[in-house]
> 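Supplied in structure tokens, the structure appears directly below.
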Amino acid sequence: MLSYGRSGSTILADMLTRHPDVGFVSNVDDRVRWLPRPAQRYNSAVYRRLPQRYTEKGRRVRFAPSEGWRLLEREVSPIFARAHRTLSAADGTPWLNRRLLEFFGTRATIQDRPVFLHKLTGWPHADLLRTVFPTARFIHVVRDGRAVVDSDLRTSWWPGFAGPTGMVGGPLPPDDDAVWRRSGRSHAVLAAIVWRTAMREFARVRDSLPEESWIDVRFEDLLEDREQVFKRLAHFIGLAPSPGFDTWIDRTELRSGPADSFRRNLGADTLREVETVMADELSRWGYV
């Protein structure tokens, strides 16, 4: 599963991994270095048996799927874990490809589930991953860019507070840099520029891959009609019917504020600047 970030992919991944046929890397795997690998066999069983309150994001103690960035940096490479750009097949040296194959392949084998799901936020590395895993399928979660900008600015860890280097690893392209400087180096405008750039990258990578290997899911559609979204996803990744999973999905409370709360949070003037920057991508993804 791929997403730019702050786009609802955690909610969707947490829900999908409740299916008994889905394996995943857990936050315990990521944080506890001494955990024996065979213990991962029980990720799915433990996760499905825990009440939702013990798996919710933001809890001090929780058990849930994880992106595993510590593990990826340690067991694969900082090349993969810290990239400030999209990684392509050309970045996949034999050494890096072997590390990726070992990382995911070993965990999938230990957990022995029909589907192994892993969520990655940031730049879309699908071209590299498909080189290593030719049958991989990619779920891309997208959210209204205005809501993403609003969410970015309300976190304490958004890397854009340090300027473009924290987001793209260097200066912005000249045209984007000029827009950002004219805005008074606005954090909101920087967030909008990077979201727009990332969405163009996701579209480019998607169009370069076989059509059957990619599916786009809008977060707003998940909130509006979860039954239809999960029906599409089950067909896409080949999940077997599971009445227990369907019941859990129906009963799950999705906590999200008003879809247009970004209007109040950003204010009219900032919102106008943001919409001007990302107008083409908002249109591409059906938000305007």
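Just so you know, these numbers come straight off a predicted model, no measurement behind them.
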> Let's go through Val132 and Phe104 carefully: what are the C-alpha distance in whole Å and the side-chain angles of both, what is the deciding distance for side-chain contact (heavy atoms from CB on, under 4.5 Å) to 0.1 Å, and is it a yes or a no?
CA-CA 10 Å; Val132 181; Phe104 290 111; over 6 Å; no

> Is the distance from the ring center of His84 to that of Trp123 below 6.0 Å?
no

> Does the pair Arg204/Glu201 count as a salt bridge with the N-to-O cut at 4.0 Å?
yes

> Hey, which of Glu273, Glu275, Glu220 is the one that makes salt bridge (charged side-chain N to carboxylate O under 4.0 Å, His left out) with Arg146?
Glu275

> Is Val217 linked to Val205 within one hydrophobic cluster, defined over Ile, Leu, Val, Met, Phe, Trp and Tyr using a side-chain heavy-atom separation of less than 4.5 Å?
no

> Tell me, do Asn97 and Leu128 make a side-chain contact under 4.5 Å, heavy atoms counted?
yes

> Give me the atom names and distance for the closest heavy-atom approach of Pro65 to Thr17.
CG-OG1, 3.1 Å

> When hydrophobic residues are tied together by side-chain contacts of less than 4.5 Å, even through go-betweens, does Ile237 share a cluster with Trp214?
no

> Any side-chain heavy atom of Phe63 sitting closer than 4.5 Å to one from Tyr54?
no

> Would you say the side chain of Asn265 lies within less than 4.5 Å of the side chain of Phe262, judging by non-hydrogen atoms?
no

> Might you work through the side-chain contact (heavy atoms from CB on, under 4.5 Å) test for Asp29 and Asn43, ending with a clear yes or no?
CA-CA 9 Å; Asp29 303 332; Asn43 282 359; 3.0 Å; yes

> Does Leu172 share a hydrophobic cluster with Met167, counting links as ILVMFWY side-chain heavy atoms below 4.5 Å and allowing steps through other members?
yes

> Considering all heavy atoms of both residues, which atom of Ala198 and which atom of Tyr4 are nearest to each other, and what is their separation?
CB-CD1, 3.4 Å

> Are side-chain N/O atoms of Arg251 and Thr247 paired as donor and acceptor at under 3.5 Å?
no

> Can you tell me which residue among Arg200, Arg196, Arg143 is in a salt bridge (charged side-chain N to carboxylate O under 4.0 Å, His left out) with Glu281?
Arg200

> Should Leu71 and Arg107 count as side-chain neighbours, where that means a heavy-atom distance under 4.5 Å?
yes

> Answer whether the closest heavy-atom distance between the side chains of Leu239 and Val22 falls below 4.5 Å.
yes

> When you measure from the centre of the six-membered ring of Trp285, is the NZ or CZ of Arg218 under 6.0 Å away and within 45° of the axis?
no

> Quick check: closest heavy atoms across Pro124 and Thr86, and the distance to 0.1 Å?
O-CG2, 2.7 Å

> Would you name the heavy atoms of Thr252 and Arg226 that are closest together and state the gap between them?
O-NH1, 2.6 Å

> Side-chain heavy atoms under 4.5 angstrom apart, residues restricted to Ile, Leu, Val, Met, Phe, Trp, Tyr: same cluster for Leu16 and Ile249?
yes

> I need the single residue from Arg37, Arg99, Arg70 that forms a salt bridge (charged side-chain N to carboxylate O under 4.0 Å, His left out) with Glu75. Which is it?
Arg37

> Both conditions, 6.0 Å and 45 degrees, for the charged tip of Arg6 above the ring of Phe219: are they met here?
no

> Answer yes or no: is there a side-chain heavy-atom contact under 4.5 Å between Arg130 and Pro210?
yes

> Does a donor on one side chain and an acceptor on the other come within less than 3.5 Å for Lys119 and Thr10?
yes

> Tell me whether Asp280 is salt-bridged to Arg284, with the criterion being a basic N under 4.0 Å from an acidic carboxylate O.
no

> Can the ring centres of Phe24 and His118 be said to be less than 6.0 Å apart?
no

> Got Ile139 and Leu2 here, is their nearest side-chain heavy-atom distance under 4.5 Å?
no

> Starting from Val277, can I reach Leu190 by hopping between I/L/V/M/F/W/Y residues whose side chains sit under 4.5 Å apart?
yes

> Hey, would you say the Tyr47 and Tyr42 ring centroids sit under 6.0 Å apart?
no

> What class does the angle between the rings of Phe161 and His187 fall in, given that below 30° is parallel, 30 to 60° is tilted and above 60° is perpendicular?
perpendicular

> Do Asp14 and Arg62 meet the salt-bridge criterion of a basic N to acidic O distance under 4.0 Å?
yes

> Check Asp216 with Arg206, please: is the shortest side-chain N to carboxylate O separation under 4.0 Å?
yes

> Please confirm whether the ring centroid of Phe245 lies under 6.0 Å from the ring centroid of Trp248.
no

